[in-house]
Amino acid sequence: MIKLLLVLMSAPVMAQNTINSRAILEKISPVVSELASPAPLFEKSAFPSVPHPVQVGYALRLKDGPLINYQLWNSLKPASPVMVSWLLKQIPDLDPSQIKAMPLSAIERVARAAIVAHDNSLSFMTDPGLTTPHVFYLSREVCAALFSKYDFGAITIDSGITNNGRKFQIQAMLVGNNKIQVIYNIDHFEFKHPQYPQYPFILSRLVTYTINGPGDLSVSGIKADAGIVHATIQDIEDARNGYLQIDTDYGQQFVKSGPISVISLR
């Protein structure tokens with residue numbers, strides 16, 4: 001959620017005290033997009049100055065509790081044995097007794113509640129209801145319908161065309177047990193995200209976001225291609241002032257973040 005949806009969503013080891021990675025990038029891959037403001041990509045940068053904090057779902061949802069709760073879990077049916085078997089082949093450490101199928105109607109109710117709460121991708125993806133052992137399975141069809149209707153503002157993208165002309169798409173998503181796990185149909189593919197075209201992303205077949213706390217996700221399976229440097233995205237954190245903080249092995253970047261929205265109404 002799951003752009004999820006961040007979303008920001010390995011390079012050769014180069015000690016920063018001996019090699020100026022920013023100077024290399026400036027010569028080989030100039031930074032010209034809005035993504036580079038307020039700080040150049042991969043450079044340790046100062047905290048962005050924003051006049052007024054941007055309120056998102058953290059405070060607004062306190063009295064109503066998590067978006068995903070036990071009532072939702074109890075209303076769902078277990079995933080089919082065939083699907084559970086396939087999921088275990090992709091992610092062997094799953095507990096099959098804790099997997100239930102999330103239909104479109106159920107996840108849409110959650111998405112609408114997130115919109116009311118002014119959630120952005122990070123507050124949505126770190127909802128306390130996702131820290132229980134329960135795991136919600138979203139099928140290919142559910143993911144396609146969900147991403148076509150809602151803009152989650154994350155690096156994760158449902159489908160597209162790779163830089164070498166192959167079609168990629170999410171096959172399944174698993175949310176819960178402190179993780180958001182995205183399974184694609186191909187491995188190690190590079191593409192240009194429509195909203196961040198200056199920085200091609202390289203995604204693994206399995207992309208995993210691990211919840212560290214409210215508005216804080218560790219990331220596994222995403223790199224940014226900046227010429228000779230492939231920077232591994234390690235962590236995404238909500239700065240809670242209208243920006244997300246993206247940590248890579250080549251430095252830090254802030255990118256703008258807005259609340260989840262319905263695409264057809266924008």
Distance from [X] atom [atom1] to [Y] atom [atom2], nearest 0.5 Å?
X	Y	atom1	atom2	value
Glu237	Leu122	CD	CG	8.0 Å
Gln171	Gln90	CD	CD	7.0 Å
Ile157	Cys143	CD1	SG	13.0 Å
Leu146	Leu104	CG	CG	7.0 Å
Ile91	Leu206	CD1	CG	5.0 Å
Gln245	Ile236	CD	CD1	10.5 Å

Are Asp235 and Asn212 close enough, and set up right, to give a side-chain hydrogen bond (donor to acceptor under 3.5 Å, both in side chains), and what steps lead you there? CA-CA 10 Å; Asp235 189 85; Asn212 298 321; 3.3 Å; yes

Quick one: does [X]'s side chain get under 4.5 Å of [Y]'s, heavy atoms only?
X	Y	answer
Pro103	Leu76	yes
Ile211	Leu217	yes
Tyr243	Lys256	yes
Lys167	Phe189	no
Leu130	Thr126	no
Phe147	Ile263	no
Arg140	Ile170	yes

Can any side-chain N or O of [X] pair as donor or acceptor with the backbone N or O of [Y] at less than 3.5 Å?
X	Y	answer
Arg205	His188	no
Lys179	Thr208	no
Asp247	Gln234	no
Ser123	Asp119	no
Ser148	Ala145	yes

### Message
For a quick check under 3.5 Å, do Asp225 and Asn163 share a side-chain donor-acceptor pair by atom type?
### Response
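No pair is found: no donor N or O on one side chain lies under 3.5 Å from an acceptor on the other.
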
Parallel, tilted or perpendicular, judged at 30° and 60°: which one describes the rings of Phe191 and Phe201?
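Judged by the thresholds at 30° and 60°, the geometry between Phe191 and Phe201 is tilted.
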
- Fit a plane to each ring of His134 and Phe136, take the angle between them on a 0 to 90° scale, and name the class: parallel (under 30°), tilted (30 to 60°) or perpendicular (over 60°).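 His134 and Phe136: perpendicular rings.
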
Of Thr162, Asp187, Asp158, Leu203, the residue whose pairing with Phe168 passes side-chain contact (heavy atoms from CB on, under 4.5 Å) |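 Among the candidates, only Thr162 passes.
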
### Reference residue Met102; test side-chain contact (heavy atoms from CB on, under 4.5 Å); the match among Val142, Val135, Leu72
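In the set Val142, Val135, Leu72, the residue that makes a side-chain contact (heavy atoms from CB on, under 4.5 Å) with Met102 is Leu72.
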
task = Indicate the atoms forming the closest heavy-atom contact of Arg240 with Pro214, along with that distance.
result =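 Smallest heavy-atom distance, with atoms named: NH2-O, 3.2 Å.
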
Checking side chain to side chain contact (heavy atoms under 4.5 Å, CB included) for the pair Lys100/Tyr137: CA distance, chi angles, key distance, verdict?
CA-CA 6 Å; Lys100 285 191 175 183; Tyr137 155 68; over 6 Å; no

- [ ] Could you give me the CA-CA distance, side-chain angles and deciding distance for Leu94 and Gln181, then say whether side chain to side chain contact (heavy atoms under 4.5 Å, CB included) is met?
- [x] CA-CA 11 Å; Leu94 288 172; Gln181 294 170 292; 4.2 Å; yes

* To do: Show the numbers, then the answer: is there a side chain to side chain contact (heavy atoms under 4.5 Å, CB included) between Asp238 and Leu244?
  => CA-CA 5 Å; Asp238 190 352; Leu244 301 180; 4.1 Å; yes

